[in-house]
2 protein chains.
Amino acid sequence: MKYSTSKENYIKAIYHLEQEDPVVSTNALARQLATKPASVTDMLKKLNEQELIHYEPYKGVKLTDSGNKLALQIIRKHRLWEFFLVEKLGFGWEEVHEIAEELEHISSKKLIDRLDEFLGRPKTDPHGDPIPDAAGIVPKIEKRCLLDLPIGVSADLISVSNQSADMLDLLRHHQIEIGTRLKITNRFRFDHSLQITVQGGPPVTISEQLAAHLFVAWAKDETD
Amino acid sequence: MKYSTSKENYIKAIYHLEQEDPVVSTNALARQLATKPASVTDMLKKLNEQELIHYEPYKGVKLTDSGNKLALQIIRKHRLWEFFLVEKLGFGWEEVHEIAEELEHISSKKLIDRLDEFLGRPKTDPHGDPIPDAAGIVPKIEKRCLLDLPIGVSADLISVSNQSADMLDLLRHHQIEIGTRLKITNRFRFDHSLQITVQGGPPVTISEQLAAHLFVAWAKDETD
DNA sequence: ATTTTTTTTTAGTTTCGCCTAAAAATTATC
DNA sequence: GATAATTTTTAGGCGAAACTAAAAAAAAAT
Ligand SMILES: [Mn+2]
Ligand SMILES: [Mn+2]
Ligand SMILES: [Mn+2]
Ligand SMILES: [Mn+2]
């Protein structure tokens, strides 16, 4: 089955919002898709008709199994294209999201499987997000928010949960990227800002806001 | 300026039809785009409004300079993606046209220039058609129809003017592809079929129909 | 120069995806 | 529990891109 770009964007948005709250509201969707609640209601009726979602008026929305499967296919395409753009074409990781937003709607299944193979079946995209495989299975990645990292423990940056150009600019300024080793050396009560070291370099401070978007992994017993 | 997929397809179709006849008819466009003449008339009014074409009722249509420029950009994208699909992802040359028909509408200019660089700035696509450069300049490729090749002169296959799966299947059966060396050993008056050798192998016969879609280049004095 | 045929345009609909404004349902507050 | 605020849906409409059927213009044939 083939769906319009617009429908695919709705399904993907519902998938992402479901991660926060298992039942998705009309308003939340309208915000996410930069559209109006009335337009969302229209579309929800159609998606319900096609059994991609479970929808009852006033009761919010959930993906059906086939909706979920479709969402994962679109996310797979999005993240594989992002990987291609960064690794093969040399794009900066803050430039790729917008382009992938278009490429994710190219319909050929064979194309995406060949691309996956060509790229070496990557497990994560340039923002550290996991890439679902052809069967829709999402590799589980162990990660915790940087805010939860104990002082003095080294951890590697696994992913970022905000991919705005502004945030990624800031990260580049601190010379932080996916894979960079971070260690918290101090926490400040007043504004919850953190003093950290980057790759063992001199300590710098980052805001709570920034830290909240950084996700890291560390070994349980590693206290170097 | 950004145009809809539909408008881009019209502009490209007009460009291709102009190569045959400098003034393009409503019916010819409808045939090419698999749509109805009435729909074409509707669209021509809009394209005229946007000054992509010169259109007067009943007088046919021509691209304006900006329409021509746009057509070349779309063709550039189409052919670069086809090259990518064959050379990097290992697709057969008969599979790529349909996928490129979608990819050609991805809007990022930077993407296409990076892709061009990544591919090594190819001059021709997998069907032997020239790829316009970023400025819209089409490399001029010397070629003549195989039907015009004198008997006994060796020539290389430069391009094919039909990319249907059926025709490309037939070529594969004869082990003919772009770059293959061909020589005519006999012409038959009755049906204008040709006896040819492929890469110096044993002679085979091909129909006039097939030969009409094959374009070759040979040196003036080469008579080996 | 008519008449016939073909091509093209106009008129009127349809579907999709969006909008605004107003109504209805739900949720929060007093 | 009534009232107020918020959320969601309905009603009506719009632009894009297609369609069918009918009218008009152009081209071909007699
Ligand atoms: Mn998208
Ligand atoms: Mn990403
Ligand atoms: Mn196309
Ligand atoms: Mn081609």
Side-chain angles (χ1 to χ4, degrees), chain A residues 1-15 17-18 20-63 67 70-71 74 101-102 104-105 107, chain B residues 1-14 17-18 20-63 67 70-71 74 101-102 104-107:
Chain A
M1 200 112 334
K2 213 182 143 191
Y3 302 97
S4 70
T5 292
S6 190
K7 280 179 180 162
E8 290 191 347
N9 285 337
Y10 271 85
I11 292 300
K12 193 167 61 118
I14 295 167
Y15 178 92
L17 290 170
E18 266 186 0
E20 317 278 292
D21 187 336
V23 63
V24 177
S25 74
T26 301
N27 268 0
L29 261 174
R31 208 177 313 116
Q32 178 92 0
L33 292 166
T35 183
K36 295 295 148 81
S39 309
V40 172
T41 301
D42 282 353
M43 184 62 92
L44 292 184
K45 285 179 195 164
K46 292 177 206 163
L47 295 175
N48 187 57
E49 206 60 46
Q50 285 176 88
E51 304 194 29
L52 292 170
I53 61 172
H54 294 296
Y55 165 68
E56 278 186 88
Y58 298 105
K59 292 194 172 172
V61 66
K62 269 182 203 265
L63 291 178
L70 176 58
I74 303 161
E101 207 50 54
E102 287 183 55
E104 70 189 358
H105 304 290
S107 60
Chain B
M1 199 115 331
K2 214 183 142 191
Y3 302 96
S4 70
T5 292
S6 190
K7 280 179 179 161
E8 290 191 347
N9 284 337
Y10 270 85
I11 293 300
K12 193 168 60 118
I14 296 167
L17 290 171
E18 266 187 359
E20 314 281 291
D21 187 337
V23 62
V24 176
S25 74
T26 301
N27 267 359
L29 261 173
R31 208 176 314 114
Q32 179 91 1
L33 292 165
T35 182
K36 296 293 148 79
S39 309
V40 172
T41 301
D42 282 352
M43 183 61 94
L44 292 183
K45 286 181 195 163
K46 293 177 208 162
L47 295 174
N48 187 57
E49 207 59 48
Q50 285 176 88
E51 304 195 26
L52 291 170
I53 62 173
H54 295 296
Y55 166 68
E56 280 186 87
Y58 298 105
K59 292 193 170 171
V61 65
K62 269 182 204 265
L63 291 178
L70 176 58
I74 302 162
E101 207 52 53
E102 288 182 54
E104 70 189 359
H105 305 291
I106 302 294
S107 59

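No experiment lies behind these values; they were computed from the predicted model shown. Each chain gets a letter, A, B and so on, in the order its sequence line appears, and its residues count up from 1.
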| task | State whether the distance check finds a donor on one side and an acceptor on the other, under 3.5 Å, for side chain D42(A) versus base dC18(C). | result | yes
| query | Under 4.0 angstrom, heavy atoms only, what part of the nucleic acid is K59(A) near: base, sugar-phosphate, or nothing? | reply | nothing
| field | Candidate list L47(B), V40(B), T41(B), test side-chain contact (heavy atoms from CB on, under 4.5 Å), partner M43(B), passing option | value | L47(B)
| said: What's S6(B) touching, base or sugar-phosphate or nothing? Going by heavy atoms closer than 4.0 Å. | reply: sugar-phosphate
| note | Whichever of T35(A) and S39(B) has the more 5' nearest nucleotide on DNA chain C, that residue is S39(B)
| Could you give the distance from OG1 (T26(A)) to CG (L44(A)), rounded to the nearest 0.5 Å? | 5.5 Å
| said: Over all strands shown, is P57(B) touching base, sugar-phosphate only, or nothing at heavy-atom distances under 4.0 angstrom? | reply: sugar-phosphate
| request: Ignoring backbone atoms, test whether K46(A) places a side-chain nitrogen or oxygen under 4.0 Å from the OP1 or OP2 oxygen of dG17(C). | output: yes
| Base, sugar-phosphate alone, or nothing: which one does Y3(B) contact when heavy atoms must sit under 4.0 Å apart? | nothing
| query | Could you state the NZ-P distance from K36(A) to dC19(C), rounded to the nearest angstrom? | reply | 6 Å
| Where does the chain A footprint on DNA chain D start and end, counting 5' to 3' with a 4.0 Å heavy-atom cut-off? | dT7(D) to dT10(D)
| query | With respect to the phosphate group of dC18(C), does any side-chain polar atom (N or O) of Y10(A) fall under 4.0 Å of OP1 or OP2? | reply | yes
| message | Nearest 0.5 angstrom please: N9(B) CG to E104(B) CD, how far? | response | 5.5 Å
| CG-NZ distance between L17(B) and K62(B), expressed to the nearest 0.5 angstrom | 13.5 Å
